[in-house]
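Working notes, beginning with the structure itself.
As the structure lists them, so they are numbered: ligands from 1, and atoms in each ligand from 1. Numbering starts at 1 and runs along the sequence shown.
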Amino acid sequence: MKTSTPMTVRFTAGLAATLLASTALATAASAENWDMPVAYPSDNYHTENAQIFVDAVKECSGGDLDITLHAGGSLFKGDEIKRAVQVGEAQIGERLLSAHANENAVFGYDSVPFLATSFEASDRLRDAAKPTLDKVLGEQNMTPLYSVPWPPQGLYFAKEINSVADMEGIKFRAYNAATARVAELAGMVPTQIEAAELKQALATGVVAAFISSGSTGVDEKAWEDLTHFYDAKAWLPRNTVFVNNDALASLSDASRTCLMDEAVKAGERGSATAAKLSDGFVQQLADGGMTIAEPGDTLAADLEKIGATMTDEWLASAGDDGKAIVDAYKR
Ligand code: PCA
């Protein structure tokens, strides 16, 4: 928060008087202008989907709810977005909730290795987690609106990798607690880096490997820095769009209904788009010159073991909420 100088106080008072006068003249509720920070580039399908969402909301609210999308961490960096929406510095935002699993393990529900490894399974897991996420975000004065999966997570390296032993000591970019834990258990050295800073980190040798989707590999032009992509399909993390509850309450009923309806559509459209684009991303990695492979038998078995350890750890830290999610998912 900026401190108000006397000048801004006077200006704000003047502005308030003007607004009061114009509100008295207006017949309907005045238009709401919201900011929506997102962490990923404007040409990433998550951001394009969010742009379609905000355009549709403007349309169905008759211009009463006008949301400005801020891509690439330009308004708030990825790791600031959740807090910004919670405290109302932004009204709505999109975030990889699993990056906040250190705060509450349930935010990492979508990054439990090998629990849900297809788009269909990811959507079922989302449904299973919905009551818990509604509750946990609700306690933070936020409402989740929709979420969209990233394609399955694979491993990017600068050399051929046949087992976890081959990873020893490699500097590894993590994007959440789960990815940092994979690195630790594999004997690598994790550093948490937002996607917006990943290219720089690869180019300068701060990291030499990471786990992510083909989508992010394409965004980063991973073939310029790395050589191998192992399509491990470890999990499909999701970006979640959530809104500040005070902002939501300030809307007219019609605008709120329009926002909620478009959110349902955005979730469905986003999941379908991710599934449709997924194979093409991996193809683009190949076209860029990367070697694409399934993990070999030894590597697959090593990853399976790391996954089992991480699943136990997650269930222990997520407690009853975590168990409720997994039980609902397996039902
Ligand atoms: N891309 C995001 C998160 C998962 C993914 O596929 C990233 O690497 O930051």
Step by step, would you call Phe281 with Trp150 a ring pair (Phe, Tyr, Trp, His ring centres under 6.0 Å)?
CA-CA 11 Å; Phe281 290 133; Trp150 289 94; 8.8 Å; no
Pairs touching residues 253-331 that satisfy disulfide (SG to SG under 2.5 Å), sequence neighbours left out:
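Output for this query lists Cys60-Cys258.
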Can you list, by chain and residue number, the hydrophobic cluster partners of Ile52 when the side-chain cut-off is 4.5 Å?
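Reading the cluster by chain and number, Ile52 sits alone, since nothing else belongs.
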Criterion salt bridge (Lys or Arg N to Asp or Glu O under 4.0 Å) on Lys221 and Glu224, from CA distance to verdict
CA-CA 6 Å; Lys221 297 192 172 60; Glu224 292 177 350; 5.3 Å; no
Non-neighbouring partners of Glu194 that pass side chain to side chain donor-acceptor pair (under 3.5 Å), sequence neighbours left out:
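Counting only residues at least two positions away or on another chain, Glu194 forms a side chain to side chain donor-acceptor pair (under 3.5 Å) with Arg95.
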Can we say Glu120 and Arg124 salt-bridge, meaning some charged N sits less than 4.0 Å from an Asp/Glu carboxylate O?
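Salt bridge present between Glu120 and Arg124.
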What residues sit with at least one heavy atom under 4.0 Å from ligand 1?
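Close residues (ligand 1, cut-off 4.0 Å): Tyr40, Leu96, Trp150, Gln153, Arg173, Tyr175, Ala195, Ser212, Ser213, Thr216, Pro237.
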